[in-house]
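Down below is the structure, laid out as structure tokens.
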2 protein chains.
Amino acid sequence: MTRARGRDGGPAAPRGVDVARAAGVSQKTVSRVLNGERYVSVDVRRRVLEAADRLGYRLNTAARALASGRSRTIGVVALGTALYGPASLLLGVERAARDAGYALSVVNTLEGDQGGVGGAVQSLLERGVDGIVVSEPIDEDADPLASEVPVLVLGAPAGTRTGERTIAAGVDSEALARAATEHVLDLGHPTVHHLAGPERWFAARDRLAGWRQALAARGREQPPVAEGDWSAASGYAAGRRLAARNDLTAVFAANDDMAVGLISALTDAGLRVPQDVSVVGFDDIPLAAYVRPPLTTVRQPFDAVADEGLRLLVHAIENPQAELPTAQGQPVELVVRSSTAPPPARADSGPLRHTVRPLAGEAHAPPAA
Amino acid sequence: MTRARGRDGGPAAPRGVDVARAAGVSQKTVSRVLNGERYVSVDVRRRVLEAADRLGYRLNTAARALASGRSRTIGVVALGTALYGPASLLLGVERAARDAGYALSVVNTLEGDQGGVGGAVQSLLERGVDGIVVSEPIDEDADPLASEVPVLVLGAPAGTRTGERTIAAGVDSEALARAATEHVLDLGHPTVHHLAGPERWFAARDRLAGWRQALAARGREQPPVAEGDWSAASGYAAGRRLAARNDLTAVFAANDDMAVGLISALTDAGLRVPQDVSVVGFDDIPLAAYVRPPLTTVRQPFDAVADEGLRLLVHAIENPQAELPTAQGQPVELVVRSSTAPPPARADSGPLRHTVRPLAGEAHAPPAA
DNA sequence: CTGAAAGCGCTAACAA
DNA sequence: TTGTTAGCGCTTTCAG
């Protein structure tokens, strides 16, 4: 068992004892100083710090973890996707973890992976993580979240309790979806179609539920749901099918990428957005304001969600006996741009929609609901 | 030093010795089996595996790291951004690392961070990582990549050697940028403007250099360079300025996001893409085919780059004495869609560009260069 | 093919 | 306020 040395067999890395010797104190005192414990005289502290600096000392986290039973590492189970939502959430988690003094260990589970989330959690536990965050969860068999460390589920609606040591945090995406749907209804549309995400995702189900609620609350008809896989390509495919429907005046897409694909398909089918069909997206991706037409969409406060979730997780880690806290839910925002407008005037029904009409000015007040 | 137990003081986690006892062998033998070493009888191996499984044994990586001096963890320094390119690269790295049996520890450096990449590298070294990958590097002061473990710099052109134990891997983005530029030139444009990324990024500088090369090779004029920050918003701002220029018939944007913003600004200024101005992007983001017009762009093989880079890194980790290997460079692809076309016919110069022309059919052969 | 002993560098408990 | 003494659970010699 050789001590760590440079590739060329250079000098071994300095250890706590080396620093202790150099500073003329015991090794334990070095440990105390480095951990910011109380009861060290300023003088000793100064000497130790100085010696550590001089020797280029670096704490050995493996030894620390072994001795203390804590690794100061948080494991993250992410879906292997470059989608804006999940990626943003991950970014927020990393920053929050770093601020709290934790490192991040990331495992991706590609959809369809054998073992999936459960396997990923196990591998993280083996890695000795102090807590786990599951980002944007999808459905899984059995109780894959069984874990001896606290688990934060990000992207589930706030307050959901999915397991014994599980905390949930996320935006209230049902409310968001409701807001998006109502916005369109308020514009005077008789009903709104929905282009959903994959059913296995919580996020997709929440948005679907919110859409249903909004329609039900006003007694509107619920058209059949189209389903995509979050990609623009799937949005395009769904758009081709939807374009064939006679009653289509508005669509709420479960994310912006699908909304863009959808608009592309509608345009190819000769329909104009928003004059003929209104489209609402979800996420407010950075491109949303720059596509044509600029997307009306719902903005999620990814950073706030990640921040709050991680604070709760760290609290649970550091107070194992305490009750698990509950997330508050974060405020959200509907960003109205130009992809939504009042429905086309029409002789109540019939295939009038290709009629050329003058561009509707902003002055057109939406008819009362 | 208490052994790890459940929150409620439940039973301690089983250790190697426990498995050994249960299997009637020594602890060392357990270790041998678990590490897949040779010289263990099938019978013993079976018994050990069985006992481990029965007890729910999990190897303690901290202890392993402490004893062996290796953590089987690779540290990643990422730029804290949800941009498609960096995010895709990170995904590829994670998968490749996992395949090679390494865990990933991720640190983000927000641009402008104090300490920046250097600090991030130090914190990873403290974490005991066996190797480091710096993704999409940007300029830094001094030699921040000084490290006793091998470092893979992803996104620098293949073959670049930036530090003592540094491996570089990436696509040849200069060649890519050249290809994009030449494509437009081949269409008959007298020259191409460039909307560059932030100067501090290697990626931005490479693309800029490739563009210059292509123009220089044909003796074309090099118009002044516009610079953005990769965002669609910055592309829009640059577009407003470019739209005012009289000689604008084509722009090569350093990424797709900026290209989309650019097109949006050009459209707002009354210019049509591609009839009046051609636009080429870079990255082939998933939305590229679904914006209007569908983007002609350059596709980067993120996965292949990550794969190759990580293979080299792992090789360097596991063969400390060996020469550092060199990356090959990956094949790339120009994806021609509809945002590029021959330049507008014009009376040699003058503000003719708003003239309404019939839509150019595909049959228009580009004039020879 | 298998086992015994000796650490890896740190923190936890207890003294002083 | 500081030091002493035991380990944490593994891997690494080196002997069988």
Side-chain angles (χ1 to χ4, degrees), chain A residues 1-5 11-49 51-52 55-73 125-128 130, chain B residues 1-5 11-49 51-52 55-73 125-128 130:
Chain A
M1 251 302 25
T2 44
R3 293 179 46 207
R5 13 185 105 254
R15 301 157 301 166
V17 252
D18 301 323
V19 175
R21 251 193 298 276
V25 297
S26 79
Q27 199 263 34
K28 174 65 216 183
T29 298
V30 172
S31 168
R32 269 200 266 268
V33 170
L34 266 26
N35 287 306
E37 286 173 33
R38 285 177 324 178
Y39 306 131
V40 245
S41 68
V42 267
D43 181 54
V44 167
R45 156 163 284 119
R46 191 184 44 65
R47 263 157 52 213
V48 168
L49 258 19
L55 298 182
Y57 172 75
R58 239 165 10 212
L59 204 138
N60 181 324
T61 43
R64 187 223 276 266
L66 179 57
S68 70
R70 291 192 32 202
S71 63
R72 300 203 140 270
T73 297
L125 288 176
E126 184 156 314
R127 228 66 218 181
D130 296 336
Chain B
M1 250 310 20
T2 44
R3 291 180 46 206
R5 12 182 106 258
R15 299 158 301 167
V17 254
D18 300 323
V19 176
R21 251 193 299 273
V25 297
S26 79
Q27 198 263 51
K28 171 65 219 184
T29 298
V30 172
S31 168
R32 268 200 267 269
V33 170
L34 266 27
N35 287 306
E37 286 173 34
R38 284 177 325 178
Y39 307 132
V40 245
S41 68
V42 266
D43 180 52
V44 167
R45 155 163 285 119
R46 192 184 45 64
R47 264 158 49 214
V48 168
L49 258 20
L55 297 182
Y57 172 74
R58 240 169 5 216
L59 202 139
N60 180 325
T61 42
R64 187 223 276 264
L66 180 56
S68 70
R70 292 194 30 204
S71 62
R72 300 204 139 270
T73 297
L125 289 176
E126 184 155 316
R127 228 65 219 181
D130 295 337

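Numbered from 1 within each chain, the chains take letters A, B, ... in sequence-line order.
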Q. Listed by chain and number, what are the side chain to side chain donor-acceptor pair (under 3.5 Å) partners of B:R64, not counting sequence neighbours?
A. B:N35

Q: Rounded off to whole Å, could you give me the CD-to-P distance for the B:E37 and D:dC10 pair?
A: 14 Å

Q | Axis bend over the full length of the helix from C:dC1-D:dG16 to C:dA16-D:dT1, computed from five pairs that close each end, to 10 degrees | A | 20°

(Q) I'd like to check the side chain to side chain contact (heavy atoms under 4.5 Å, CB included) partners of A:L55; sequence neighbours left out, ordered by chain and number. (A) A:P14, A:D18, A:V19, A:A22

Can you check nucleotides 14-16 of chain C for protein contacts, nitrogen or oxygen pairs under 3.5 Å, and list what you find?
none

Q) Can you check the B:R21 CZ to D:dG9 C1' distance for me, whole Å? A) 13 Å

(Q) Quick check on contacts: within residues 23-31 of chain B, what sits under 4.0 Å from DNA chain C by heavy-atom distance? (A) B:V25, B:S26, B:K28, B:T29

Q.
Tell me the interatomic distance from A:L59, atom CG, to C:dC8, atom C1', rounded to whole angstroms.
A. 14 Å

Q. Taking only residues at least two apart or on different chains, which pairs with a member in residues 39-48 of chain A satisfy salt bridge (Lys or Arg N to Asp or Glu O under 4.0 Å)?
A. A:D43-A:R46, A:D43-A:R47, A:R46-A:E50

Q. Using a cut-off of less than 4.0 Å, is there contact between a side-chain N or O of A:R15 and OP1 or OP2 of C:dG9?
A. yes

Q) What is the distance, rounded to the nearest whole Å, between atom CG of B:L66 and atom C1' of C:dA6? A) 13 Å

Q: Check B:G16 against B:Q27 and note the closest heavy-atom contact, atom names and distance.
A: C-CG, 3.9 Å

Q: Residues of residues 39-47 of chain A with any non-hydrogen atom less than 4.0 angstrom from an atom of DNA chain D: list those, numerically ordered, please.
A: A:Y39, A:V40, A:S41, A:V44

**Q.** Side-chain N or O of B:N60 closer than 4.0 Å to phosphate OP1/OP2 of D:dC8
**A.** no

Q | Residues in side chain to side chain donor-acceptor pair (under 3.5 Å) contact with A:S41, at least two apart in sequence or another chain | A | none

Q. Which residues pass the side chain to side chain contact (heavy atoms under 4.5 Å, CB included) test with B:R58, sequence neighbours left out?
A. A:Q122, A:L125, A:E126, A:E148

Q: Rounded to the nearest 0.5 Å, what's the gap from OG1 on A:T29 to CG on A:L34? Could you check?
A: 11.5 Å

**Q.** Results of side chain to side chain contact (heavy atoms under 4.5 Å, CB included) for B:T73 - residues two or more places apart only
**A.** A:R127, B:S71, B:A103, B:S105, B:V129

